[in-house]
Protein chains: 2
Amino acid sequence: MNQKRKAIPSMVKDPMLIQRRREQIIEAAVELFISKGFHKTTTREISQSSGFSIGTLYEYIESKEDVLYLVCDDIHRKMEERLREIIVEEATTVHMLRSAISGFMRVIDEMQDRVLLIYQEIKSLPKEQMTYVLQKEQEITGYFEEILRRGMEDGSLHIDEKSIFLMAHNIVVLGEMWTFRRWALQKKYTLEQYTEIQTSLILRELIP
Amino acid sequence: MNQKRKAIPSMVKDPMLIQRRREQIIEAAVELFISKGFHKTTTREISQSSGFSIGTLYEYIESKEDVLYLVCDDIHRKMEERLREIIVEEATTVHMLRSAISGFMRVIDEMQDRVLLIYQEIKSLPKEQMTYVLQKEQEITGYFEEILRRGMEDGSLHIDEKSIFLMAHNIVVLGEMWTFRRWALQKKYTLEQYTEIQTSLILRELIP
DNA sequence: ATTTACTGAGTAACCGCTCAGTCAGGGTAT
DNA sequence: ATACCCTGACTGAGCGGTTACTCAGTAAAT
């Protein structure tokens with residue numbers, strides 16, 4: 001079920017160096033992909049912004065798509081890290097859900113360019129790597145599934161087993177739309193207003 | 001406010017012929033863009049699938065991006081057409097909203113590849129044309145804004161002016177996510193199940 | 001004879017990726 | 001201490017291939 005991420009081969013021996021150089025690559029590539037898109041960014045640009053030559057770039061990756069994969073994986077990794085900081089125990093499951101939602105919205109807002117990047121460029125990944133990235137996206141909704149299930153079990157949330165999965169996806173999408181509909185939403189609402197209205201929508205369904 | 005769509009210049013004189021050929025171009029290009037993506041589709045492929053040579057293709061457009069623009073515009077046009085069929089008067093505003101939502105879901109489902117195409121390739125459009133396409137997307141949510149406002153005014157829907165805009169966007173996004181999250185949703189739910197859960201989510205917020 | 005639509009080989013530019021070669025650091029034989 | 005070689009990271013000109021777009025020419029209709 002749970003597929004391990006494909007390790008990208010490298011010509012370089014020193015694992016620490018690989019990690020350091022790949023961090024450079026990711027840092028340079030995210031910025032370029034955000035501002036120009038994956039297809040319009042050249043490998044030459046990536047290597048230059050990383051601070052070394054194309055030759056060296058290809059010592060650490062095998063193809064341009066590998067860079068996109070590294071970038072997507074890094075974004076998800078950071079996202080999950082922030083989520084784990086935000087999802088903490090609270091007095092009641094309802095309070096926990098509330099704070100998880102508003103925390104999630106803040107994370108989305110902080111990382112909006114990166115969230116958007118994944119939405120827009122995921123399709124350019126080779127099939128296997130795309131599957132892995134989508135799985136990571138599923139893991140993120142998993143955090144909300146867990147809270148919902150707990151609320152169902154302790155009786156504080158009004159939801160049936162069949163709807164949990166969809167409701168968790170709804171929470172994630174209602175968060176992420178803050179980025180991919182920002183051309184409309186961010187003109188009309190502050191993040192706080194947005195969070196409040198969306199939270200009320202979700203909770204009104206869950207609290208009878 | 002309302003920006004007219006930029007007319008794409010053509011070398012050909014006969015306006016009827018322009019229309020006919022552009023329909024051919026759109027029909028061929030949609031299929032190619034859906035299966036290969038915009039960037040991986042070549043202009044040669046588009047012209048061949050359209051049934052004429054590259055030279056001729058460039059008599060009807062000025063750049064490859066123009067084709068993407070034609071395609072996006074056509075999809076929105078067809079979407080709006082279907083929406084107008086679906087949004088009809090009903091006994092009450094609540095009934096009207098109900099049937100509009102379920103009708104919208106059916107349209108999304110029918111056009112899912114095309115809806116997804118717009119989501120994924122819109123960013124490849126030149127700025128001006130992108131603005132126009134986003135405006136069209138706003139027009140679609142406008143249909144739901146109208147219903148919501150009417151419900152607010154006749155007292156049948158519980159919503160305030162400030163939330164109407166966001167609620168309309170929510171309806172559209174909760175519909176469109178059926179396509180861009182289909183890797184998760186369409187494995188677990190039928191369109192009918194999906195529609196029912198999402199409708200209940202929206203209506204529970206609106207009906208006190 | 002002129003206009004109009006159409007053709008497709010050609011062009012200039014670009015891009016992902018490679019590979020022959022450089023160089024610094026360190027081990028080793030003398 | 002010196003000379004020599006080896007290893008591993010790095011370099012960037014260049015290769016092979018592709019692509020968006022053009023234009024000189026054809027054919028048919030008026």
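Below, read A as the first sequence line, B as the second, and so on, with proteins coming before strands; counting in each chain starts at 1.
Distance from the side chain of B:D14 is smallest for C:dA5 among the nucleotides D:dG14, C:dA5, D:dA9. Side chain of B:F52, nearest nucleotide from C:dT7, C:dC6, D:dC21: C:dT7. Nearest to the side chain of B:R44, among C:dG16, D:dA20, C:dA5, sits D:dA20. Taking every side-chain heavy atom of A:K13 into account, D:dA9 is the closest of C:dC17, C:dC6, D:dA9. The B:K64 side chain lies nearest to D:dA20 when the options are C:dA5, D:dA20, C:dC6. With distances taken from any side-chain atom of A:T42 to the nucleotides C:dG16, D:dA20, D:dA9, the minimum falls on C:dG16. Among D:dA20, C:dT7, D:dA9, the nucleotide with an atom closest to any side-chain atom of B:T56 is C:dT7.
Between the C1' atom of C:dC15 and the NZ atom of B:K40 lies a distance of 14 Å, rounded to the nearest Å. Here the P atom of nucleotide D:dA9 and the CE atom of A:M16 are 14 Å apart, to the nearest Å. The interatomic distance linking B:I61 (CD1) with D:dA20 (C1') rounds to 10 Å, in whole Å. The interatomic distance linking B:Q24 (CD) with C:dA5 (P) rounds to 14 Å, in whole Å. Distance, B:M11 CE to D:dC23 C1': 13 Å, rounded to whole Å. If you take CD1 of A:I54 and P of C:dC19, they are 14 Å apart, rounded to a whole angstrom. One can place NZ of B:K36 at 12 Å from P of D:dT18, the figure rounded to the nearest angstrom. When rounded to the nearest whole Å, the span between CG of B:L32 and P of D:dA20 equals 12 Å.
Using the six-membered ring where Trp is involved, B:W183 and A:H169 have ring planes that are perpendicular, over 60° apart on the 30 and 60° scheme. Ring geometry for A:F144 versus A:F104: interplanar angle over 60°, hence perpendicular rather than tilted (30 to 60°).
The residue among A:V12 and B:E62 whose nearest nucleotide of DNA chain D is located toward the 5' end is A:V12. The residue among A:T43 and A:E59 whose nearest nucleotide of DNA chain C lies closer to the 5′ end is A:T43.
The distance from atom SG of B:C72 to atom OH of B:Y132, rounded to the nearest 0.5 Å, is 11.0 Å. Rounding to the nearest 0.5 Å gives a distance of 10.5 Å between CD of B:Q198 and CG of B:N170.
Look at B:S53 and you'll find a side-chain N or O under 4.0 angstrom from OP1 or OP2 of C:dT7. Remark: B:Y58 is not in phosphate contact with C:dC6, judged by side-chain N or O atoms under 4.0 Å from OP1 or OP2.
Taking 4.5 Å as the limit, every side-chain heavy atom of A:H76 sits out of range of all side-chain heavy atoms of A:R114.
Counting non-hydrogen atoms under 4.0 angstrom, B:T41 reaches the backbone sugars and phosphates but no base.
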